[in-house]
Participant: 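There's a structure below that I have some questions on.
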Number of protein chains: 2
Amino acid sequence: MDTNTAEHKYRIGDFAAVTGLSSPTLRYYEKEGLIKPHRTENGLRYYTKQYASWIKFLLHLKSTGMTIEQLKQYVEWRAEGDSTIDKRIALLQEVHDNFEKQFAELQHSWTILNDKLDWYKGKVNGHIEDSEDFAAYLKRLNHKE
Amino acid sequence: MDTNTAEHKYRIGDFAAVTGLSSPTLRYYEKEGLIKPHRTENGLRYYTKQYASWIKFLLHLKSTGMTIEQLKQYVEWRAEGDSTIDKRIALLQEVHDNFEKQFAELQHSWTILNDKLDWYKGKVNGHIEDSEDFAAYLKRLNHKE
DNA sequence: CTTTGTACTAAAGTTGGCTTTAAGTTTAAC
DNA sequence: GTTAAACTTAAAGCCAACTTTAGTACAAAG
């Protein structure tokens with residue numbers, strides 16, 4: 001099967017399929033300093049499977065609210081070695097704290113959306129009185145507006 | 001105290017403070033058809049406190065991923081009355097389903113961010129072996145990458 | 001009644017995160 | 001060896017959601 005003699009080299013199009021990103025996005029991330037793929041003698045980029053894990057990790061950080069600029073900073077510090085670990089922790093901690101707040105707000109909005117849908121459905125199928133408006137409904141559920 | 005003889009009229013600046021939005025944003029939302037404040041004879045907008053609840057509700061929907069365009073559609077249907085309830089339910093349901101997926105992914109990313117921070121902190125204070133990389137750490141926690 | 005603060009409109013500008021275009025090069029299949 | 005697909009770069013374009021600017025009018029305080 002030849003699975004482990006040498007890492008398979010993915011060209012950008014195939015690697016895009018692996019990561020779920022587009023080729024232009026991979027080039028864009030490279031230009032922004034997030035990734036640095038290998039090159040063949042003729043200048044074509046190539047990526048290995050391990051690289052996909054790294055990119056997925058970056059995308060997770062991105063999802064939690066890190067900007068490209070912050071990711072770049074993180075990647076730079078990482079390349080500088082262990083002396084920057086405290087900086088990296090501080091950066092991730094900041095992202096963590098911001099996300100925690102937003103996440104709480106998001107959960108509240110999620111509750112409101114669900115309550116509103118339930119309220120509409122209750123009105124349509126007659127389980128909720130016509131006279132009970134959404135504010136009253138929330139109050140009855142003991143949910144905040 | 002004269003609390004209930006007449007609703008207090010907020011001018012745009014004060015109302016912006018109440019809602020946490022800026023005056024230009026309130027004007028922008030109006031232009032996009034999300035809100036329609038009252039006007040004095042001389043053309044100045046004014047808002048009542050009740051209006052704040054409505055805006056907050058719209059912002060909750062916005063947080064769950066609704067675009068301005070979708071909010072506008074929702075507001076239009078609402079103005080048309082009960083005959084559009086099914087459409088409104090369908091729209092909110094779509095937003096609900098999309099958000100549910102994204103929310104699950106977000107929770108995963110949140111776990112990863114927390115794991116990474118814990119891993120860094122464990123390395124710094126010596127509770128995690130230098131030899132254990134992040135992938136191994138995730139595996140040990142039985143967390144997915 | 002003047003000054004200072006706030007509001008009005010329309011239009012142009014900003015931002016982040018890509019995506020598209022254009023013109024040329026390399027690779028893979030036949 | 002030819003051709004089509006996939007790659008290269010740099011630069012321009014796009015989108016949503018605001019924000020800023022410019023020029024003007026109204027409101028509140030002294």
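Proteins come first, then strands; the chains are lettered A, B, ... in the order of their sequence lines, and each starts at number 1.
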Participant: Rounded to whole Å, how long is the line connecting atom CG of B/Asn42 with atom P of D/dT24?
Facilitator: 19 Å
Participant: Check every atom of D/dC26, C/dT19, D/dA17 against the side chain of B/Ile68 and return the nucleotide holding the closest atom.
Facilitator: D/dA17
Participant: In whole Å, what is the span from the CD atom of B/Glu69 to the P atom of D/dC15?
Facilitator: 13 Å
Participant: Within the structure, does a side-chain N or O atom of B/Arg39 lie under 4.0 Å from either OP1 or OP2 of C/dT9?
Facilitator: yes
Participant: Mind calculating the distance between CD (B/Glu41) and P (C/dA7) to the nearest angstrom?
Facilitator: 18 Å
Participant: Counting heavy atoms from C-beta on, name the nucleotide in C/dT6, C/dT19, C/dG17 closest to the side chain of A/Ser22.
Facilitator: C/dT19
Participant: So what does A/Lys31 touch, heavy atoms closer than 4.0 Å: a base, only the sugar-phosphate, or nothing?
Facilitator: nothing
Participant: Distance check needed: C/dG16 C1' versus A/Leu71 CG, whole Å only.
Facilitator: 13 Å
Participant: Rounded to the nearest Å, what distance is computed from the OH atom of residue A/Tyr10 to the C1' atom of nucleotide C/dT27?
Facilitator: 19 Å
Participant: Does NZ or CZ of A/Arg88 fall inside the cone over B/Trp119's six-membered ring, less than 6.0 Å from its centre and within 45° of the axis?
Facilitator: no
Participant: Picking from D/dC7, D/dT19, C/dA7, which would you name as closest to the side chain of B/Pro24?
Facilitator: D/dT19
Participant: Of the nucleotides D/dT20, C/dC8, D/dC18, which one has an atom closest to the side chain of B/Thr25?
Facilitator: D/dC18
Participant: Check whether NZ of the Lys or CZ of the Arg B/Lys139 lies under 6.0 Å from the centre of the six-membered ring of B/Tyr137 and within 45 degrees of that ring's axis.
Facilitator: no
Participant: Please determine, for the side chain of B/Lys62, which listed nucleotide (D/dA17, C/dC8, D/dC7) has the closest atom?
Facilitator: D/dA17
Participant: Would you say C/dA28 has OP1 or OP2 under 4.0 Å from some side-chain N or O of A/Arg11?
Facilitator: yes
Participant: Between B/Gly13 and A/Tyr29, just flag the one whose closest nucleotide in DNA chain C comes earlier from the 5' side.
Facilitator: B/Gly13
Participant: Can you figure out which of C/dT27, D/dA27, C/dT20 approaches the side chain of A/Leu44 most closely?
Facilitator: C/dT27
Participant: Less than 6.0 angstrom separating the ring centers of A/Tyr51 and A/Tyr10, yes or no?
Facilitator: no
Participant: Would a line drawn from the ring center of B/Trp110 to the ring center of A/His60 be shorter than 6.0 Å?
Facilitator: no
Participant: Any donor-acceptor pair under 3.5 Å linking the side-chain atoms of A/Gln93 with those of A/Asp97?
Facilitator: yes
Participant: How many Å lie between CD1 on A/Ile12 and P on C/dT27, as a whole number?
Facilitator: 15 Å
Participant: Quick one: do A/Glu30 and A/Arg39 make a salt bridge, cutoff under 4.0 Å?
Facilitator: yes
Participant: In whole angstrom, what separates A/Ile35's CD1 from C/dG17's P?
Facilitator: 15 Å
Participant: Would you indicate which nucleotide in D/dT19, C/dT19, C/dA7 comes nearest to any side-chain atom of B/Arg27?
Facilitator: C/dA7
Participant: Name the nucleic acid region contacted by A/Arg45, choosing base, sugar-phosphate or nothing; use a 4.0 angstrom heavy-atom cut-off, strictly under.
Facilitator: sugar-phosphate
Participant: What is the distance from NE2 of A/His38 to P of D/dC7, rounded to the nearest Å?
Facilitator: 17 Å
Participant: Both A/Thr40 and B/Asp14 contact DNA chain C. Taking the nearest nucleotide for each, which residue is further toward the 5' end?
Facilitator: B/Asp14
